[in-house]
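Because only heavy atoms are used, hydrogens play no part in the values below, and waters and symmetry mates are left out as well, while side chains stay in.
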Amino acid sequence: MESSSSSSSSLAIAMKFPDVINGFGLSDSHSDNLKGILLAVIASFFIGSSFIVKKKGLKRAGSSGPRASVGGYGYLLEPLWWIGMVTMVVGEIANFVAYMFAPAVLVTPLGALSIIVSAVLADFLLNEKLQKMGILGCVLCIVGSTMIVLHAPTERSLNSVEEIWDLATQPTFLVYTALAVTSVLILMFHCAPSYGQKNILVYIGICSIIGSLTVMSVKAIGIAIKLTLEGWSQVSCYQTWIFAMVAITCVITQLNYLNKALDTFNTAVVSPIYYAMFTSLTILASAIMFKDYSGQSVTSITSELGGFITVLSGTVVLHSTREPDPATSADLYSPLSPRISWFIQRNGEAWKQRDEDGLSADFVAILRQDYFA
């Protein structure tokens, strides 16, 4: 009788508290979310560290030869630069694996943590002082990330790449994809030739829109790999290879236009705008395709969006306090037209002349610099 009573009590507890029985209070979905969070944080640490290590390698290479900004390739012989590259690859792999376990609306915003790692390490290793407002930006990023983690949705269970294909071919996501591709084509062939060098939103818009499709494809590939490793091979499914081709095409296009944006505009301006647009569109695409917010309460959705806005604010504040790198005399990215400097002559008369012309001793103060159109 005692044995029967004990077993029935255990069954009652298991039925009432299934999560407690399964993995110390974690259901499978919550356990996968935790794995995704840990991998995303690890990825941010490696990626943020890689920027600092690569920059130290570039500085060391530039001290003994032509700098990379003027076309030098001495950094390819610098071990420190390669350590930074390996560190970045490790971070990207961890980020890729994170998408196997957690929804994109959770993993993507956590990428802002790499900015904090870079800022803190730069303060110690590169002597790029972190200002008080920069510290505030770091705190905002941490608070926002915590809000996102606490209210992140759990991901639905997917058992085959065919299920992912069904999600990708549902009418609502097809409409999003059609709008995204159309917008990218307009930006690439109509706006970029005329406005790409003037309007920062052109190149970043292409990167962000394509980036949202990249994440969806990469996530599909990640889930296919996860299922294959669990014993359900997805290699023979043609959908897996379609997702792979889409991912490769999107990544190449995204990197191409991101390089153009970084080459044309200030990094301190590009980074927060790109983060905001890319993350927003990725969250939108994931919500449409995977229905991440289905079944969530209004409070949870509002809290997560509030966390994202907090992270975005912290990113903007952090980047706004960055000191620009000193310009070199032969900067590869400087305008090709001759530079004009404005000076004040001792008699008070304003005068301007080319930099390559000799500077008279009568000129004592610089008013501003501009460039010929």
Side-chain angles (χ1 to χ4, degrees), residues 96 99-100 102-109 111 148 151-192 195-196 199 201-224 234 237-258 261 273-298 300-302 304-305 308-309 312:
F96 173 79
Y99 282 114
M100 296 184 187
V105 296
L106 171 59
V107 175
T108 306
I148 292 172
H151 298 91
T154 56
E155 191 165 42
R156 59 184 296 182
S157 177
L158 297 169
N159 299 316
S160 69
V161 75
E162 285 90 349
E163 289 187 33
I164 308 174
W165 181 259
D166 290 338
L167 294 175
T169 54
Q170 60 184 315
T172 50
F173 190 73
L174 288 177
V175 170
Y176 175 83
T177 303
L179 291 174
V181 172
T182 302
S183 300
V184 167
L185 292 176
I186 292 174
L187 288 172
M188 287 173 60
F189 297 107
H190 177 69
C191 299
Y195 308 105
N199 193 325
L201 295 179
V202 175
Y203 291 151
I204 294 183
I206 295 173
C207 297
S208 302
I209 297 171
I210 287 291
S212 67
L213 299 179
T214 301
V215 171
M216 298 303 103
S217 302
V218 166
K219 184 166 180 62
I221 296 169
I223 294 175
Q234 307 294 309
C237 300
Y238 72 90
Q239 294 95 334
T240 302
W241 299 104
I242 292 178
F243 283 127
M245 288 187 291
V246 171
I248 293 172
T249 303
C250 289
V251 166
I252 293 173
T253 305
Q254 186 180 356
L255 291 177
N256 179 39
Y257 282 92
L258 181 58
I273 296 177
Y274 176 57
Y275 173 81
M277 294 183 66
F278 169 67
T279 306
S280 300
L281 290 171
T282 299
I283 291 174
L284 175 61
S286 183
I288 295 173
M289 179 172 170
F290 293 99
K291 296 180 172 59
D292 294 318
Y293 294 106
S294 178
Q296 272 204 304
S297 65
V298 175
S300 295
I301 296 174
T302 304
E304 188 175 358
L305 293 177
F308 170 60
I309 293 173
L312 177 59

J.: Evaluate the criterion side-chain contact (heavy atoms from CB on, under 4.5 Å) for residue pair L187 and L201; output intermediate values, then yes/no.
T.: CA-CA 10 Å; L187 288 172; L201 295 179; over 6 Å; no
J.: Measure the OG1-CG distance between T249 and L213 for me, rounded to the nearest 0.5 Å.
T.: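 Going from OG1 on T249 over to CG on L213, the span is 11.0 Å.
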J.: Which distance, rounded to the nearest 0.5 Å, do you find between the OG1 of T108 and the OH of Y99?
T.: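 Here the rounded value is 3.0 Å.
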J.: Taking all non-hydrogen atoms of both residues into account, name the closest pair between V105 and D292 and its distance.
T.: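 That would be CG1-OD2, 3.5 Å.
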J.: Which atom pair, heavy atoms only, marks the closest approach of V246 to S217?
T.: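 For V246 versus S217, the nearest heavy atoms are CG1-OG, 3.2 Å.
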J.: How long is the span from the CE atom in M216 to the CD1 atom in I164, to the nearest 0.5 Å?
T.: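 Rounded to the nearest 0.5 Å, the CE-CD1 separation comes to 11.5 Å.
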J.: So, for P109 and I283, which heavy atoms are closest and what is the spacing to 0.1 Å?
T.: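 In terms of heavy atoms, the two residues are closest at CG-CD1, 4.1 Å.
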J.: For Y293 and S300, does a side-chain donor sit closer than 3.5 Å to a side-chain acceptor?
T.: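 The criterion, which ignores hydrogens and geometry beyond distance, is not satisfied for S300 and Y293.
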J.: Give, for atom CD of Q254 and atom CD1 of I206, the distance between the pair rounded to the nearest 0.5 Å.
T.: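 With rounding to 0.5 Å, CD (Q254) is 11.5 Å from CD1 (I206).
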J.: Quick check: do L281 and Y176 have side-chain heavy atoms less than 4.5 Å from each other?
T.: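 Yes, at least one pair of side-chain atoms sits under 4.5 Å.
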J.: Is any side-chain heavy atom of L158 less than 4.5 Å from a side-chain heavy atom of L167?
T.: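 Yes. Closest side-chain heavy atoms under 4.5 Å.
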J.: Please confirm whether the backbone N or O of I209 pairs with a side-chain atom of S212, one donor and one acceptor, at under 3.5 Å?
T.: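 Present.
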J.: Can you tell me how far the CG atom of L106 sits from the NE2 atom of H151, to the nearest 0.5 Å?
T.: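 Separation between the atoms: 13.0 Å.
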J.: Checking ring-ring contact (aromatic ring centres under 6.0 Å, His included) against W165, which of F173, F243, W241 comes through?
T.: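 It is F243; the other options fail the test.
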J.: Treating Q234 as the side-chain partner and I223 as the backbone partner, does any N or O pair qualify as donor plus acceptor under 3.5 Å?
T.: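 No, Q234 side chain to I223 backbone: no donor-acceptor pair under 3.5 Å.
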J.: Between the main-chain N or O of T282 and the side-chain N or O of S286, is there a donor-acceptor pair closer than 3.5 Å?
T.: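 Not at all, since once roles are kept as given, no pair shorter than 3.5 Å links the two residues.
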J.: Indicate yes or no: at least one non-hydrogen side-chain atom of Y274 is less than 4.5 angstrom from one of C207.
T.: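 Y274 vs C207: side chains touch.
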J.: Could you tell me whether the side chain of E304 and the main chain of I301 form a donor-acceptor pair under 3.5 Å?
T.: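 Between the backbone of I301 and the side chain of E304 there is no qualifying donor-acceptor contact (under 3.5 Å).
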J.: Give, for atom OG1 of T253 and atom OH of Y257, the distance between the pair rounded to the nearest 0.5 Å.
T.: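 Here the rounded value is 7.5 Å.
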J.: Quick check: closest heavy atoms across A168 and L174, and the distance to 0.1 Å?
T.: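 Minimum heavy-atom separation between A168 and L174: O-CD2, 3.7 Å.
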